[in-house]
2 protein chains.
Amino acid sequence: MSERSLARVATPIPRQSNLGELSYERLKEIIIAGAFPPNEKLTVRSVSAALGVSTTPARDAINRLISEGALAYVAPKTVVVPSLTVEALDEITATRLAIEGLAAERSVLSVTPGDVAGLAQMQARIIAGLDQGNYREVLKINREFHFTIYRMSGWPRLVAIIETMWLRVGPSFNALYPAFAMNRQGVANHLAAIDGLNAKDGAKVRAAIENDIRDGYVRMKAMIESQN
Amino acid sequence: MSERSLARVATPIPRQSNLGELSYERLKEIIIAGAFPPNEKLTVRSVSAALGVSTTPARDAINRLISEGALAYVAPKTVVVPSLTVEALDEITATRLAIEGLAAERSVLSVTPGDVAGLAQMQARIIAGLDQGNYREVLKINREFHFTIYRMSGWPRLVAIIETMWLRVGPSFNALYPAFAMNRQGVANHLAAIDGLNAKDGAKVRAAIENDIRDGYVRMKAMIESQN
DNA sequence: TTTTGTAATTTGATGCAACAAAAAAGATCG
DNA sequence: CGATCTTTTTTGTTGCATCAAATTACAAAA
């Protein structure tokens with residue numbers, strides 16, 4: 001009894017699962033996976049047909065992704081996955097350093113030994129994935145690793161903002177794989193973050209995450225510039 | 001010819017003005033103005049009737065405000081303006097310090113003497129408003145003052161995130177007026193920001209804005225706690 | 001071949017009806 | 001009088017037809 005009511009209270013956002021929500025989730029995954037060519041038109045009817053729903057939930061999904069910055073208008077009736085420019089990357093990286101650094105620093109306030117063990121396990125899977133060349137898996141667990149730390153901040157609104165940041169770099173990030181999968185430098189950053197969490201040293205966790213973001217920035221920037 | 005094509009390229013977001021957009025803008029203003037009692041239900045049909053549009057644009061507006069955090073589900077079919085808790089205020093304030101500080105620091109990169117003159121003029125209107133007890137006007141210009149600085153960062157995505165932050169504190173901020181209108185302490189912070197912009201001293205502008213946010217936090221927190 | 005004007009098509013927005021689920025009101029029983 | 005069950009009303013969602021606007025395709029002229 002008290003367990004069930006607690007679970008309801010603890011639920012941050014009791015957003016019901018409707019077709020618009022499901023369409024949004026699926027379309028978001030498709031975009032993050034980099035499966036959608038940048039600058040290619042997305043129409044309500046094409047999404048509607050692809051997902052097997054009517055125009056209303058398809059339109060809902062597109063509108064929500066536009067408001068989150070994952071999609072953008074380039075002309076009055078033309079919605080596309082925006083291609084990441086160097087200018088956009090600069091802006092997003094600076095913002096990420098500020099807010100992901102904040103979340104990382106706060107993570108030590110609630111971290112438990114079990115949390116650290118879980119992160120260490122993820123890290124082991126990342127290393128195994130790198131050894132096997134399973135880069136898709138590496139990117140997925142990398143994301144899980146980061147957000148596990150961010151969620152420890154206990155600040156769901158902050159985590160939600162961070163998610164929209166990842167939604168903007170994700171498509172380029174994933175479309176360019178495997179050139180972009182984490183390298184051994186990334187591994188070192190993750191290990192430093194785990195060390196910092198063990199020592200409950202917020203500054204160290206922040207520094208590790210910031211380094212990870214900066215390393216990714218350098219490689220992503222080189223990648224974008226080589227595309228031109 | 002080249003002028004027209006340039007204008008099209010320069011346009012950041014060619015979001016067309018449709019009924020959904022207009023409904024969103026109007027509903028947002030109503031919410032920010034604090035005119036809507038927190039925890040009171042908002043229904044699609046009531047918004048539809050109030051704005052004189054059909055259910056579709058009304059639903060679009062509500063959904064968008066939910067995704068921006070200005071509205072929230074408290075039960076499966078119940079959408080309300082969320083009342084600001086101390087915990088939410090803590091989280092939002094920390095996030096604001098990080099991102100508004102970042103925008104403020106960058107503002108010196110593009111500031112012009114004309115910009116500073118404009119801010120000084122706003123500040124004069126704020127002081128006049130305080131003298132006349134016209135607190136509604138003071139709050140409005142205060143917002144304009146801050147966003148003028150933030151926009152100087154040249155980072156529209158960052159400004160958009162800041163706007164969603166203001167959208168979350170705005171209702172409580174405005175609902176509690178005139179108790180909440182800026183005091184002379186706020187004036188000092190603004191003058192310090194102007195000084196920093198004149199000297200192109202990013203750190204000083206950031207410090208001034210951070211102080212302004214902290215001063216507001218202290219008063220807002222006291223206000224929330226006195227409500228219980 | 002390039003440009004320009006026009007027709008055909010595509011497309012998002014809008015309003016609305018139908019439906020299912022939830023909430024509110026009312027009734028019944030202990 | 002209070003609790004529980006039932007009925008009624010409210011409400012969000014979904015699908016779809018219609019319309020205006022924008023895009024595309026095409027043809028004609030330079």
Using heavy atoms to find the nearest nucleotide of DNA chain C for B:K41 and B:D60 separately, return the residue whose nucleotide is more 5′.
B:D60
For atom [atom1] of [X] and atom [atom2] of [N], their distance in whole Å:
| X | N | atom1 | atom2 | value |
| --- | --- | --- | --- | --- |
| A:N63 | C:dT14 | CG | C1' | 13 Å |
| A:L19 | C:dA20 | CG | C1' | 13 Å |
| B:Y73 | D:dT11 | OH | P | 14 Å |
| A:L22 | D:dG12 | CG | C1' | 15 Å |
| A:L51 | D:dT13 | CG | P | 18 Å |
| B:R59 | D:dT14 | CZ | P | 7 Å |

Quick check on the 6.0 Å ring-centre criterion: do B:Y150 and B:W155 meet it?
no
Run the side chain to side chain contact (heavy atoms under 4.5 Å, CB included) check on B:V80 and B:Y73 step by step: do they pass?
CA-CA 6 Å; B:V80 302; B:Y73 284 105; over 6 Å; no
For residues 105-116 of chain A, which residue pairs pass the salt bridge (Lys or Arg N to Asp or Glu O under 4.0 Å) check, not counting sequence neighbours?
A:E105-A:R206
What nitrogen or oxygen pairs link the protein and nucleotides 16-20 of chain D at under 3.5 Å?
from   : atom 1 : to    : atom 2 : distance (Å)
D:dC16 : N4     : A:T56 : OG1    : 3.4

Could you walk me through whether A:K221 and A:D90 pass salt bridge (charged side-chain N to carboxylate O under 4.0 Å, His left out), step by step?
CA-CA 9 Å; A:K221 188 177 176 187; A:D90 284 345; 5.0 Å; no
By the 4.0 Å heavy-atom rule, please label B:I62 as base, sugar-phosphate, or nothing.
nothing
Run through A:T95, A:L89, A:I92 and flag the one making a side-chain contact (heavy atoms from CB on, under 4.5 Å) with A:R168.
A:I92
So, using side chain to side chain donor-acceptor pair (under 3.5 Å) as the criterion, who are the partners of A:T43 when residues are at least two apart?
A:S46
